[in-house]
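Quantities reported herein were computed from a predicted structural model and do not represent experimental measurements. Scope of the values below: all heavy atoms of this structure, side chains included, with no hydrogens, waters or symmetry mates.
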Amino acid sequence: MPAADLLLSNYVAVLLATIVGFILVLTALIAARLLAPYSQETGKSTTYECGMVPLRRASTNVGMRFYLYAILFVIFDVEAVFIFPWALTFVEVGQFAYWLMVAFIAILALGLGYAWKKGALQWR
Amino acid sequence: MTSEEATQPVPANDFSGTIWAEVDRALSGITARPEAGVKDVIVHIPRDEVIAGLRRLKADAALHFDYLRCLSGIDREADGIEVVYHLYSTDKKHNLTVKTTLPMDDLNVATATTVWRGANWLERETAEMFGVRFTGHPDPRTLLMPEDMTDVHPLLKSHPLAEIEVLQGEGMGYPEEGA
Amino acid sequence: MVTERAREFDTQDLLINVGPQHPSTHGVFRMVLEVDGELVKDVIPYIGYLHRGAEKLCETMDYRQGIGFMDRTEYLAAFNAELSYVMAVEELAGLEVPERAQWIRMILCELNRLSSHFMFLGAFGVDTGVMGTPFIYGWREREMLIDLFEEISGDRMMYAYFRPGGLAWDVTRNFKERVREVIKSSAQGIKDFDGLFTENEIFVARTKGIGYISAEDAIDYGMSGPSIRASGVPLDVRRDEPYLKYSEVDFQVVTGQHGDVFDRYACRLQEMRESIKIIEQCLDKMADTGPIMPEKMPRMLRTPPGEVYMRTEAPRGEYGIYLVSNGGNRPYRLKVRSACLSNLQALKQMSVGLYVADAILVLGSIDIVLSEVDR
Amino acid sequence: MKGIARSLMTTLSTFSRKPVTRDYPNVHKPLPERDRAFPLLLWDQDIDEPFCTGCHACERACPVECMTVLMKDNPNHKTVGGTSTRRKIIDKFWIDYARCMRCNICVEVCNFDAIAMNNTWTGHEMSVHDRKDLVIDLQGLLAQSRAGAIKEWVPVLGQTNE
Amino acid sequence: MTTSLWGMDINVWANAAIRLQIIVLVMTVVVMGLIWAERRILGRFQQRIGPQKTGPFGLLQSVADAVKLVGKEDLRPKNADPWTFELAPFLVFIPIFMGFVVVPFIAGWNISVLELGLLYFVAISSVNIVGWVMAGWGSDNRYAMIGGLRAAAQSISYELPLVLSLVSVAMFAGTMNLDEMVRQQAAVPYIVWQPMAFAIFFIAALAELNRAPFDIPVGESEVVGGPFVEYSGIRWSMFMLAEYAGLFIMAIIGASVFLGGYIWPFGEELGRGWQLMLISAKAGLIIFVVFWIRASLPRLRIDQLMGYSWKVLLPLVLLQVLVNGLILVNGWSEVILGVTGLAGVVALVTITGRAANRPRSILARPAAVKVEAA
């Protein structure tokens with residue numbers, strides 16, 4: 001069997017796992033639909049609000065300092081993506097590859113330091 | 001805590017050994033009438049001057065009543081409603097009771113929240129329980145009662161106790177079922 | 001167009017209802033938090049869900065019948081509540097309580113303080129987010145104390161054991177041994193809590209520096225009990241206006257310095273150790289036998305006209321009874337001065353500007369009992 | 001980290017201790033003699049009738065008005081050829097356990113030691129589906145004492161040990 | 001395309017399907033076992049007994065719970081967004097389940113050996129946060145909303161330390177094939193050479209799994225259960241299933257990558273029974289510590305949690321990557337790696353302790369907020 005086929009055949013399981021997982025949840029939901037009681041009562045379908053009538057819809061624009069983290073995350077996750085292939089091969093490539101990565105991480109660390117100093121890491 | 005103390009009140013004009021002298025000095029210019037209580041001296045101040053008097057009692061260096069222990073009302077029926085302030089000094093460690101009487105047809109008194117912030121909820125409670133209006137109160141909502149129950153004042157003597165539902169004996173049942 | 005877009009992306013303040021049915025409101029307390037992101041901008045407390053009109057009811061009851069209602073105003077420290085009430089009646093009626101009854105009352109009140117603080121530690125620990133462990137620790141020790149109360153008074157929470165003049169009946173014969181046994185176990189419980197929390201970095205990081213209230217503000221709001229002592233105000237009725245035999249025992253008024261949540265926790269923990277010290281002294285000084293009621297007690301107690309404001313130091317602060325009599329066998333007016341009501345007023349001051357999670361801790365740290373707030 | 005380690009050790013120490021909980025419905029904690037559940041009436045085993053004469057003392061003293069008492073002439077009285085010395089005897093008696101607050105006042109005011117607080121587990125495990133089922137009549141109040149299934153403790157106000 | 005299963009040649013699709021079926025069974029049983037074990041162990045930490053009525057030692061408690069949950073009414077709030085609300089359980093559970101593909105239970109017992117197994121694992125394990133956010137947003141509930149946003153913030157913040165701590169091990173191993181990594185640890189487990197990476201992995205894994213003390217998104221005392229506050233019955237149980245399945249996977253990955261998996265210290269010769277015992281013992285130890293921590297530690301606050309990740313864990317783990325690189329590229333001794341790792345652990349402990357015990361500063365109130373009389 002060619003190597004490419006072997007590689008692909010390993011990922012067959014990934015595809016199947018997705019399908020099996022989906023079927024698993026679906027079966028459970030269908031089972032519940034068949035077995036569980038169901039009653040049309042309006043009181044049950046109100047949102048839980050500590051026993052009070054909901055004040056207003058919850059999906060308002062909430063100011064979470066969330067987007068700054070999201071951007072930081074994207075930056076560092078891209079870094080992680082670069083580090084992964086590097087991590088496996090840098091010993092063979094040698095000193096040059098290592099110091100390149102040092103420079104790369106240093107630049108990102110500078111960015112992190114800047115964000116830190118600017119207070120972007122202060123969750124509010 | 002002896003029985004003599006309680007059963008024979010101190011003569012109305014003998015306040016030696018109490019803080020009445022100090023209070024009298026601090027309240028100069030304000031009508032104040034002392035009365036002997038079982039534990040603390042009681043001072044009656046007319047309604048119009050009571051907040052000024054309380055403020056002076058708090059500000060006075062020798063008395064320094066900085067702590068409002070309790071604020072409540074008493075329904076004296078025909079004699080009106082008494083609003084009672086129990087004062088305490090956290091550093092001088094002495095007590096004083098201040099009373100002011102409101103006639104039944106005009107239950108207004110100035111708020112004490114300007115003197116102690118802690119009077120806020122106590123006044124709200126007194127207001128809803130006796131129908132006293134504390135003019136100038138920053139937040140005159142009901143405290144313990146439902147928000148729309150502003151016309152019922154449960155602690156007035158004229159307010160009846162709820163009937164106890166009869167559930168006992170033969171043919172027992174809830175009232176609406178016809179006992 | 002521009003303004004419309006701006007409005008679309010404007011953040012709005014979220015109103016969060018905490019209570020009356022929320023896992024951390026310690027009863028039926030409701031507060032509406034106005035939050036911006038995670039920061040609390042405003043707190044609007046609502047109380048009254050447990051209002052039963054105990055004051056009005058007591059006006060229709062004679063003095064003995066009122067005791068049961070006083071139990072129910074402060075169900076975590078019913079001995080303390082009863083004590084305040086019966087002492088108010090005794091002050092008015094001029095009754096002399098036998099010495100032994102006073103010692104027993106004092107021991108029971110301090111034990112009740114222990115049990116109430118254990119409850120606080122347990123509930124507060126759960127508020128900080130430990131899964132159940134502090135709650136079980138607290139209940140474990142509280143159970144020992146409650147068992148003792150049950151042996152003496154017959155009930156686990158609503159004791160109805162103190163009477164104007166003394167006690168309803170004498171304590172059990174092995175009272176002293178049992179109390180010693182129980183306070184030994186309580187000491188172990190305090191040690192467990194100490195180990196679980198006091199030095200724990202996460203607990204410290206969560207509680208230090210939040211929920212601050214200054215001494216002046218605390219006095220202004222009329223706070224009392226451990227909540228005000230944590231701000232550095234040594235306000236303790238037991239020491240300032242000694243009742244029972246508190247002038248004859250040696251104890252310290254525990255105060256904090258920072259007025260934050262951690263200090264309120266630490267004050268209570270230390271106060272429990274002081275309570276154990278007081279109980280030990282009481283046990284040494286108490287006589288084994290002796291009368292517990294005055295020799296001559298009227299069958300129906302009547303009080304001369306007058307009024308008294310009797311205050312005692314309950315676990316949550318100053319529990320006051322303002323009793324007005326017009327000479328009958330029942331109160332003309334009874335006002336319960338609730339420590340929690342005054343403490344709760346400062347909630348807004350303490351929690352505005354904090355995170356939502358901190359507001360929950362602040363509420364937990366002032367240790368409210370809603371039945372006492374609402375009466 | 002030292003503090004975290006200390007908390008972990010604290011929980012570990014409780015891990016090795018004996019559990020403190022009880023297997024409740026199977027294992028009951030022994031109740032102390034003074035335990036107060038709900039009041040019940042006592043049965044005079046010598047004469048085979050209730051101690052209660054229906055004097056209304058407890059009814060008047062009850063703070064929550066949970067009792068209803070009716071008395072009648074004793075059919076077993078000596079004057080009518082019986083064995084009892086009680087001229088009057090209880091006819092009907094109801095206690096609403098849903099309202100009772102177990103304050104013990106009825107026991108203290110009783111002149112005949114005819115009422116006592118139930119100090120057995122029967123008195124505690126009383127859950128029912130309807131509040132009405134908690135109104136107990138005379139037969140129910142007497143049943144436990146009549147069967148001898150109760151060791152009553154009638155406290156006297158201010159009594160001392162011995 | 002064929003492969004071998006139990007010595008037989010078999011189509012790869014059938015092979016994967018059979019192995020997945022076995023995993024479904026194993027996962028269900030293990031998750032039920034974990035829930036039972038957590039309740040028993042927490043019980044013992046709290047001097048309780050825990051479940052005991054259903055079956056011997058209450059072993060069937062989870063079965064009873066499952067039956068109850070299936071028979072429970074499945075409610076959807078009327079304001080909820082139907083699609084996000086209904087789809088959220090799928091998105092929470094499927095990624096976790098997909099993670100099982102690469103888990104090296106014991107030699108030859110994994111579903112599939114992927115060359116980039118580690119990368120696949122870290123990629124797939126963070127997808128389920130989408131489900132959490134959907135659940136939070138779709139429920140139209142304030143607590144759920146806050147919980148969902150917290151979950152997202154927390155998950156993306158701890159993703160990086162988790163990934164980078166695994167990268168530092170991968171650098172050392174020179175491979176991302178999990179099976180290969182386990183086999184390399186026959187003599188010495190990687191925890192010896194990479195102790196700080198393990199510490200950070202453990203902390204980040206707790207956060208990724210929303211376990212105490214990082215259970216902020218679901219904190220009962222604040223947001224009453226967080227994203228799944230509106231879910232009931234079987235849909236709620238999907239969240240639970242995903243949580244415990246995630247714990248199971250994370251424990252096995254941790255045991256495999258750092259503790260020598262099924263191989264250390266006995267090697268491969270002793271047979272499958274021993275291998276299974278080894279991996280169960282190691283994963284069990286990790287799970288026990290997770291439960292123990294849950295019984296002992298309070299919850300962090302959201303800003304402390306985020307700060308801890310970005311200000312403490314991330315710089316430290318980046319440093320670890322660089323130090324690893326320096327040592328490996330120069331071909332220095334492995335002992336230096338271990339020493340620097342230990343130094344890193346000391347640094348981590350010290351920084352954590354100092355961060356918690358910094359002098360009390362009253363939190364500055366935002367200028368916009370004015371406190372007037374209550």
Exercise. Among L68(B), D91(B), D75(B), L122(B), who wins on heavy-atom pairs under 4.5 Å with chain C?
Worked result: D75(B)
Problem set entry | Residue among R69(B), M145(B), K157(B) with most heavy-atom pairs under 4.5 Å to chain C | R69(B)
Strictly by modelled atom types, are [X] and [Y] linked by a side-chain donor-acceptor pair under 3.5 Å?
X       : Y       : result
S84(C)  : T312(C) : yes
T90(B)  : D66(B)  : yes
R316(C) : N343(C) : no
Y322(C) : E307(C) : yes
Y212(C) : S231(C) : no
E49(B)  : T31(B)  : yes
T100(B) : E82(B)  : no

Segment of [X] engaging chain C (4.5 angstrom heavy-atom cut-off):
X       : result
E77(B)  : both
R124(B) : neither
L71(B)  : backbone
V84(B)  : side chain
T97(B)  : side chain
D40(B)  : side chain

Which one of [options] has the most heavy-atom pairs closer than 4.5 Å to chain B?
options                   : value
I47(C), T303(C), L50(C)   : I47(C)
V233(C), V373(C), D217(C) : D217(C)
M310(C), R311(C), R337(C) : R311(C)

Exercise. Taking the six-membered ring for Trp, are Y88(B) and H94(B) ring centroids under 6.0 Å apart?
Worked result: no
Problem set entry | Near-ring test H86(B)/Y309(C), centroid separation under 6.0 angstrom | yes
Checking [X] against chain B: side chain, backbone, both or neither under 4.5 Å from a heavy atom?
X       : result
Y46(C)  : side chain
V237(C) : side chain
R52(C)  : neither
S224(C) : both
E216(C) : neither

Exercise. Which pair of heavy atoms, one from K335(C) and one from C70(B), lies closest together, and at what distance?
Worked result: CE-SG, 3.7 Å
